[in-house]
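Quick note: residue numbers are just sequence positions, from 1. This one's a predicted model, so the numbers in the text were calculated from it and none came from an experiment.
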Amino acid sequence: MSLQQSPSRQRSRRSIRSLISTNLVRFLIIVYVIIILLPIYYLIISAFKSNDAIFTQPLSLPTSFSLQNFFRAQDDANLLSAMGNSVYITICSEVLTLVLALPAAYGIARIPIKGTAFIESGFATGFLIPGFAVLVPTFLLSIQLGLFHSTLFLILFYPVGALPLTIIMMVQFMRTIPYEIEEAAVIDGATRLTILLRIILPLSTSGIATVLILNFLTFWNEYIFALVILGGDTQTVQVALPLLKTLNIVDYGLLTAGTLFTLVPVYLVYVLVQRRMQQALVAGFIKG
């Protein structure tokens, strides 16, 4: 009898262990979700509260969802105008970065010529140069070019810092495309430009979405160069946001309302490209 019962006991123990491990994983997932969502919840509800309500009832819902803090943030820092400048600079910088990076990445990844490894290593060294190290030369260059206090300079400058990461990442994506597809197109008489536009880029949309969101976050959140180069009424949203903070007192309801202004475009861009970005991450995990 004992020999007949031992397999059933083993199965029972295994089921108990599986149940415990499953419940533990679910519990950890719930805790992780709470840790992620709690700051977002706190930020949103604080935007509709006064300072007193934020400190006395930090996690409770606001008594009214008045937009007073949002209107005050707009009046005090002119956030809508600053957001327009940020959107303009970010979109133009994104387009210029892709226009420069995609052909360069294609040449490194797909064209068998000497020196591509050296060129790729040269782009990789761009990660070793911190941004603040070129702040003074960049400031002097903008003056020499007559583009000081001009958004055009930032549109030309931001892609310079984004090209190393963009090119290196796109090279890795393009190398995963089977060479047989490109060889078949060459046999049919397709030029390099045709192959890039009609074959390589459509098959690299996941990689493009990944670098697009990464560069968007970099351009949108950049503060130091926008603060130094721009001036007067021309400000980005990251430079205008600290204007809501005074020397004597901080109105946290006003500040959180202004912060939500800066998060809306980031959220919209992420919603648009998240599926492609997730596909890229999953594909990279499977191939790894």
Side-chain angles (χ1 to χ4, degrees), residues 78-109 116 118-171 173-174 193 196-197 200-201 204 207-242 261-262 265-266 268-270 272-273:
N78 198 12
L79 287 181
L80 289 179
S81 176
M83 183 175 292
N85 293 330
S86 292
V87 170
Y88 172 68
I89 294 172
T90 301
I91 292 178
C92 293
S93 300
E94 285 273 22
V95 172
L96 183 57
T97 301
L98 293 178
V99 169
L100 296 175
L102 294 177
Y106 173 71
I108 295 173
T116 53
F118 176 77
I119 296 174
E120 185 177 0
S121 300
F123 281 112
T125 57
F127 299 113
L128 303 177
I129 304 174
F132 64 86
V134 297
L135 179 59
V136 174
T138 302
F139 167 74
L140 297 176
L141 179 63
S142 66
I143 296 176
Q144 292 294 325
L145 295 177
L147 296 177
F148 187 57
H149 288 178
S150 172
T151 57
L152 178 60
F153 184 83
L154 292 183
I155 293 173
L156 298 175
F157 173 73
Y158 282 168
V160 175
L163 280 176
L165 177 62
T166 304
I167 291 176
I168 295 300
M169 292 189 65
M170 289 309 305
V171 165
F173 278 103
M174 291 181 181
L193 181 60
L196 173 62
L197 296 178
I200 301 299
L201 294 187
S204 303
I208 294 174
T210 302
V211 298
L212 189 147
I213 187 64
L214 292 177
N215 288 336
F216 179 88
L217 292 174
T218 301
F219 300 155
W220 184 264
N221 294 323
E222 201 285 316
Y223 176 76
I224 296 297
F225 289 95
L227 176 65
V228 173
I229 300 300
L230 299 181
D233 296 331
T234 306
Q235 295 175 333
T236 62
V237 70
Q238 301 300 336
V239 177
L241 189 60
F261 268 109
T262 69
V266 177
L268 293 177
V269 171
Y270 179 75
L272 292 175
V273 302

Hey, are the side chains of [X] and [Y] touching, using non-hydrogen atoms and a 4.5 Å cut-off?
| X | Y | answer |
| --- | --- | --- |
| Leu165 | Val211 | no |
| Ile89 | Phe219 | no |
| Leu102 | Met174 | yes |

Tell me which one of Phe157, Phe139, Phe153 satisfies ring-ring contact (aromatic ring centres under 6.0 Å, His included) with Phe148.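 Filter result, single survivor: Phe139.
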
Hey, mind stepping through Thr210 and Phe173 against side chain to side chain contact (heavy atoms under 4.5 Å, CB included) and telling me if it holds? CA-CA 10 Å; Thr210 302; Phe173 278 103; 4.3 Å; yes

Would you check if the side chain of [X] reaches a backbone N or O of [Y] as a donor-acceptor pair within less than 3.5 Å?
| X | Y | answer |
| --- | --- | --- |
| Ser93 | Thr90 | no |
| Trp220 | Thr262 | yes |
| Glu94 | Phe216 | yes |

Distance-minimising heavy-atom pair for [X] and [Y]:
| X | Y | answer |
| --- | --- | --- |
| Phe225 | Leu154 | O-CD2, 4.1 Å |
| Leu201 | Leu197 | CD1-CD2, 3.9 Å |
| Thr116 | Gly107 | CG2-O, 4.1 Å |
| Leu147 | Ile229 | O-CG2, 4.5 Å |
| Ala226 | Tyr158 | CB-OH, 3.8 Å |
| Leu100 | Leu163 | CB-CD2, 4.0 Å |

What is the distance from atom [atom1] of [X] to atom [atom2] of [Y], rounded to the nearest 0.5 Å?
| X | Y | atom1 | atom2 | answer |
| --- | --- | --- | --- | --- |
| Gln238 | Met83 | CD | CE | 9.5 Å |
| Leu135 | Leu227 | CG | CG | 9.0 Å |
| Leu196 | Tyr106 | CG | OH | 6.5 Å |
| Leu80 | Asn85 | CG | CG | 11.0 Å |
| Tyr88 | Thr236 | OH | OG1 | 14.5 Å |
| Asn215 | Leu96 | CG | CG | 11.0 Å |

In sequence, state the C-alpha distance, the side-chain angles, and the governing distance for Leu214 and Met169, and then conclude on side chain to side chain contact (heavy atoms under 4.5 Å, CB included). CA-CA 11 Å; Leu214 292 177; Met169 292 189 65; 3.8 Å; yes

